[in-house]
Amino acid sequence: MNEWMVIPVVAVKVWLIVTIVLIVALVAGLVALSIYGRKLQNRQEESQRQLQAAAQNASFLVIDKKKMKLKDSGLPQLVIDQTPKRFRGQKVPIVKAKIGNQIMSLMCDEKIFEQIPVKKSVKARVSGIYILEVKGLRTNLETVSKKRSFRSKMQDKLTTMQAKAKASVENTEKNKK
């Protein structure tokens with residue numbers, strides 16, 4: 001009763017047919033996703049090439065940097081209107097900088113956002129309102145140290161305590177001699 005006659009000679013169980021259909025559907029989904037991903041990757045590479053081609057060097061004073069919603073960022077209305085609606089409520093890294101005698105809001109990538117110092121002059125490659133690369137104007141940029149875990153702090157304390165204990169033991173031995 002659990003068998004289904006596909007060809008009168010060969011009987012195939014129902015669970016086997018369901019499994020085969022699911023596998024075929026999963027393979028088709030993976031192929032479709034890989035094609036779509038390749039298209040998105042090509043689009044991103046093309047936009048990066050265009051940004052690099054239009055990039056200019058500029059030096060400016062960073063006033064403030066925040067992650068804020070696009071509509072609250074102070075960017076020109078034209079930029080906000082061109083952004084898809086689903087991304088308007090998303091927080092993006094915004095840098096307020098004084099370029100010449102103007103104060104402008106600029107966007108940047110997450111990695112670059114971490115490198116940008118506040119209240120300092122920097123030299124950067126800018127394409128429109130997008131910061132591509134940042135360098136220190138007079139000095140190198142300090143790398144922001146990541147928050148250390150409790151375990152690493154305790155290990156550091158333990159090693160310093162052991163070094164102090166070892167040094168005190170050596171000093172007492174030297175004093176005895």
Side-chain angles (χ1 to χ4, degrees), residues 26-164 167:
L26 287 174
V27 168
L30 287 173
V31 169
L33 281 175
S34 68
I35 291 171
Y36 183 66
R38 220 175 296 131
K39 281 185 181 180
L40 287 178
Q41 186 177 8
N42 289 339
R43 255 191 236 158
Q44 183 189 21
E45 288 172 358
E46 180 61 31
S47 67
Q48 283 295 330
R49 276 189 238 120
Q50 289 175 352
L51 282 174
Q52 291 293 340
Q56 299 175 348
N57 290 330
S59 43
F60 51 84
L61 173 69
V62 177
I63 297 171
D64 191 20
K65 68 177 189 173
K66 291 182 185 174
K67 290 185 182 180
M68 53 180 38
K69 292 185 179 182
L70 197 60
K71 58 185 175 183
D72 301 332
S73 64
L75 292 172
Q77 189 63 37
L78 181 66
V79 173
I80 296 171
D81 291 341
Q82 288 179 351
T83 306
K85 287 188 179 183
R86 65 176 181 248
F87 296 127
R88 289 184 192 169
Q90 193 175 27
K91 289 190 174 185
V92 291
I94 301 291
V95 176
K96 294 217 185 257
K98 184 174 183 182
I99 302 174
N101 59 358
Q102 295 181 358
I103 294 177
M104 295 181 64
S105 295
L106 304 169
M107 292 177 64
C108 63
D109 195 36
E110 291 285 337
K111 293 178 271 185
I112 295 170
F113 184 73
E114 299 297 326
Q115 295 175 354
I116 298 174
V118 180
K119 308 266 192 232
K120 290 192 178 179
S121 295
V122 294
K123 186 181 280 187
R125 287 184 48 88
V126 180
S127 178
I129 61 165
Y130 196 77
I131 301 172
L132 298 173
E133 183 181 333
V134 177
K135 296 178 186 170
L137 189 61
R138 293 174 186 83
T139 60
N140 290 338
L141 297 176
E142 301 94 24
T143 56
V144 178
S145 60
K146 292 186 177 180
K147 187 174 180 181
R148 293 176 42 210
S149 66
F150 178 75
R151 182 172 187 240
S152 64
K153 289 178 187 177
M154 288 297 125
Q155 283 179 337
D156 289 346
K157 283 184 180 180
L158 180 65
T159 54
T160 55
M161 288 173 58
Q162 286 174 345
K164 286 179 183 178

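Side-chain atoms are counted along with the backbone in the values below, which use heavy atoms only and exclude waters and symmetry mates.
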Check Ala55 against Leu132 and note the closest heavy-atom contact, atom names and distance. CB-CD1, 3.6 Å
Between Lys123 and Ser59, is there a side-chain donor-acceptor contact under 3.5 Å, judged purely by atom types and distance? no
Any side-chain heavy-atom pair from Leu51 and Tyr130 closer than 4.5 angstrom? yes
Over all atoms of both residues, closest heavy-atom pair of Ser105 and Lys96: OG-NZ, 3.1 Å
Over all heavy atoms of both residues, which pair between Lys71 and Ile80 is shortest? Give the atoms and the distance, please. CA-CD1, 4.1 Å
Residue pair Lys157 / Thr160: nearest heavy atoms and the distance that separates them: O-OG1, 2.7 Å
How long is the span from the CD atom in Gln52 to the OG atom in Ser47, to the nearest 0.5 Å? 10.5 Å
Determine, stepwise, if the pair Lys66 / Ile94 fulfils side chain to side chain contact (heavy atoms under 4.5 Å, CB included). CA-CA 5 Å; Lys66 291 182 185 174; Ile94 301 291; 5.6 Å; no
Under 4.0 Å between a side-chain nitrogen and a carboxylate oxygen: does that hold for Arg43 and Glu45? no
Heavy-atom count around Gln102 CD within 6.0 Å, excluding the residue itself: above 12? no
Whether Arg38 side chain and Leu33 backbone form a donor-acceptor pair below 3.5 Å: no
Less than 4.5 Å apart, side chain to side chain, heavy atoms only: is that true for Val122 and Pro117? yes
Under 3.5 Å: donor-acceptor pair, side chain of Arg88, backbone of Thr83: yes
Neighbour count above 12 (heavy atom, 6.0 Å) for Met154 CE: yes
When rounded to the nearest 0.5 angstrom, what distance separates OG in Ser127 from CD in Gln48? 9.5 Å
Can a side-chain donor-acceptor contact be found between Glu46 and Asn42 if the only test is distance below 3.5 angstrom? no
Heavy-atom check, side chain of Gln77 versus side chain of Gln82, under 4.5 Å: no
Once you round to the nearest 0.5 Å, how far does CG of Leu40 lie from CD1 of Ile35? 12.5 Å
Side-chain touch Cys108/Pro93, heavy atoms, less than 4.5 angstrom: yes
Heavy-atom side-chain proximity of Lys65 to Val95 below 4.5 angstrom: yes
Should Met68 and Val92 count as side-chain neighbours, where that means a heavy-atom distance under 4.5 Å? no
Return yes if some donor-acceptor pair links the side-chain N/O of Thr159 with the main-chain N/O of Gln155 below 3.5 Å, else return no. yes
Shortest non-hydrogen contact between Val118 and Asp64, atoms and distance: CG1-CA, 4.3 Å
Are any of the side-chain heavy atoms of Asp109 and Ile112 separated by less than 4.5 Å? yes
Leu75 CG to Leu70 CG distance, which is reported to the nearest 0.5 Å: 6.0 Å
Between the side chain of Lys120 and the main-chain N/O of Leu61, is any donor-acceptor distance below 3.5 Å? no
Do the non-hydrogen side-chain atoms of Phe60 and Leu106 ever get within less than 4.5 Å of each other? yes
